[in-house]
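Working notes for the structure below.
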Amino acid sequence: MNVLTIDHISKHYGSLRALDDLSLDIRKGDIHGILGPNGSGKTTTLGIVLGIIKSTSGTYSWFEGMSPQKARRRVGALLETPNFYPYLNADDNLAIIRHIKQSSETNFDHSLELVQLKDRRKSKFNTYSLGMKQRLAIAAALVGDPEVLILDEPTNGLDPEGIADVRNTIRAIGESGKTIVMASHILAEVEKVCTHVSILKQGKILAEGPVGAILSDEVCIEVAAKDMGNLGNALSQIEGVIRIDQKNGLFEIMVAHSIDPADLNHRLVTMGIYVTHLAIKRSRLEDEFLEVIK
């Protein structure tokens, strides 16, 4: 079942085409990442399907034709930097959100547990870290128990610890059965969190499908030794080495994500090969993403 169908939507601002004939299906239960550089049309897309922005042409539908008024009650969203009353705690701030949404929710235990704030529910908002503030914003989007959650750059501006916390929160919400649509320009976050991805550039979808099919998680490692011939023969015998290319006096090898470079080095030593150079270049998924958006 499709929870959201976008059908040939375009959005023009004068001569600027923010979206150009965009079509997309989001299926129930997916964590769908809309991935693209800044200015690619991600936020515009989310704004249109939430009824905040009017498209120039094209249509969209929620829950296979449900009326927009009913559909909005089944969708929670986080589009901007979270704003709460600084001297109120989590429960009090969420109670205000409940009133705005006209929700009959009696308590926020489940939402606060999902976002890992249950133990800090009575702390004032101004005592929260940036990551905690973002997680409270996600809890606010969950008020009313929506079936679909829309998140626009949920890890933007966070430190590594905050990013990891929000990432774990999104995973937990997905595992609870909700459908999530997440816009991001951070490749690694989409790869780690999402089940499906659409790559967007200049308002057009360039590629879409399951994350494993669109973004391979293979890793590129540079390696060299005094005897490159013996090194090449040894690499070809190691399980998990997927491809071997020779460039600029080095081997660039594509290996499965599960291969640890230290283990690779140890395996080469046991085969009598002592490397003079070994370095992770970058993941193949980054190469593929950059190739797609060129």
Side-chain angles (χ1 to χ4, degrees), residues 4-26 30-60 62 75-83 130-131 133-134 137-138 141 148-160 162-163 166-167 170 179-211 213-217 282-294:
L4 173 62
T5 299
I6 300 173
D7 189 19
H8 298 287
I9 280 183
S10 295
K11 177 62 179 176
H12 304 164
Y13 295 98
S15 60
L16 174 66
R17 294 194 171 196
L19 293 178
D20 190 1
D21 197 37
L22 184 145
S23 295
L24 179 63
D25 292 325
I26 307 292
D30 288 349
I31 304 178
H32 196 113
I34 300 177
L35 173 66
N38 292 329
S40 60
K42 303 185 299 296
T43 300
T44 301
T45 301
L46 299 185
I48 288 173
V49 301
L50 287 171
I52 299 169
I53 300 171
K54 187 175 180 180
S55 64
T56 303
S57 61
T59 61
Y60 68 90
W62 286 100
V75 179
L78 169 58
L79 289 185
E80 301 290 344
T81 302
N83 290 310
L130 286 176
K133 290 176 179 178
Q134 194 74 349
I138 294 174
V148 181
L149 197 62
I150 292 184
L151 305 173
D152 188 17
E153 301 282 2
T155 61
N156 211 18
L158 301 182
D159 60 19
I163 290 172
V166 170
R167 180 197 308 145
I170 295 170
T179 304
I180 300 174
V181 183
M182 184 181 89
S184 179
H185 68 280
I186 303 175
L187 180 68
E189 289 311 301
V190 169
E191 188 267 336
K192 291 174 182 175
V193 171
C194 297
T195 60
H196 293 73
V197 62
S198 298
I199 298 178
L200 199 62
K201 181 187 178 185
Q202 295 178 344
K204 293 184 177 181
I205 289 186
L206 304 182
E208 62 178 309
V211 166
I214 302 299
L215 302 175
S216 169
D217 62 356
R282 64 185 178 194
S283 63
R284 184 175 177 183
L285 66 87
E286 183 175 354
D287 285 326
E288 293 184 355
F289 174 62
L290 293 175
E291 184 66 30
V292 166
I293 66 170
K294 276 182 182 177

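Quick caveat: nothing in here was measured; it's all calculated off a predicted structure.
Between the CG atom of Asp25 and the CD1 atom of Ile6 there is a distance of 8.5 Å, given to the nearest 0.5 Å. Within the model, atoms NE2 of His196 and CD1 of Ile26 stand 9.5 Å from one another, a figure rounded to the nearest 0.5 Å. Atom CD1 of Ile180 sits about 8.0 Å away from atom SG of Cys194, to the nearest 0.5 Å. A distance of 10.5 Å separates CG in Leu200 from CD in Glu208, rounded to the nearest 0.5 Å. One finds the NZ atom of Lys42 at 5.0 Å from the CD atom of Glu153 (value rounded to the nearest 0.5 Å). Interatomic distance, CD1 of Ile186 versus OG1 of Thr155, reported as 3.5 Å (0.5 Å rounding).
Contact annotation: the side chain of Val197 never approaches that of Glu191 to less than 4.5 Å [non-hydrogen atoms, C-beta and beyond]. The closest side-chain heavy-atom distance from Leu24 to Ile205 is below 4.5 Å. Taking the side chain as every heavy atom from C-beta outward, His185 and Pro37 never approach each other to under 4.5 Å.
Checked by atom type and distance alone, the side chain of Trp62 never pairs as donor or acceptor with a backbone atom of Leu50 at under 3.5 Å. Checked by atom type and distance alone, the side chain of Glu189 never pairs as donor or acceptor with a backbone atom of Arg167 at under 3.5 Å. A distance-only check finds no donor-acceptor pair linking the side chain of Ser184 to the backbone of Leu35 [under 3.5 Å]. A donor-acceptor pair under 3.5 Å is formed between the side chain of Thr195 and the backbone N or O of Ile31.
Sorted by first and then second residue, the pairs that involve residues 43-54 and meet side chain to side chain donor-acceptor pair (under 3.5 Å), not counting sequence neighbours, are Thr43-Asp152. Residues in residues 4-17 take part in these salt bridge (charged side-chain N to carboxylate O under 4.0 Å, His left out) pairs, two or more places apart or across chains: Arg17-Asp20.
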Q | Derivation of the side-chain hydrogen bond (donor to acceptor under 3.5 Å, both in side chains) call for His32 and Ser198 | A | CA-CA 8 Å; His32 196 113; Ser198 298; 2.7 Å; yes

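Residues that satisfy the side chain to side chain donor-acceptor pair (under 3.5 Å) test with Thr179, not counting sequence neighbours, are absent from this structure.
Shortest non-hydrogen contact noted between Pro154 and Ile170 is CG-CD1, 3.9 Å. A pairwise comparison of heavy atoms in Tyr60 and Val49 identifies CE1-O, 3.5 Å as the closest pair.
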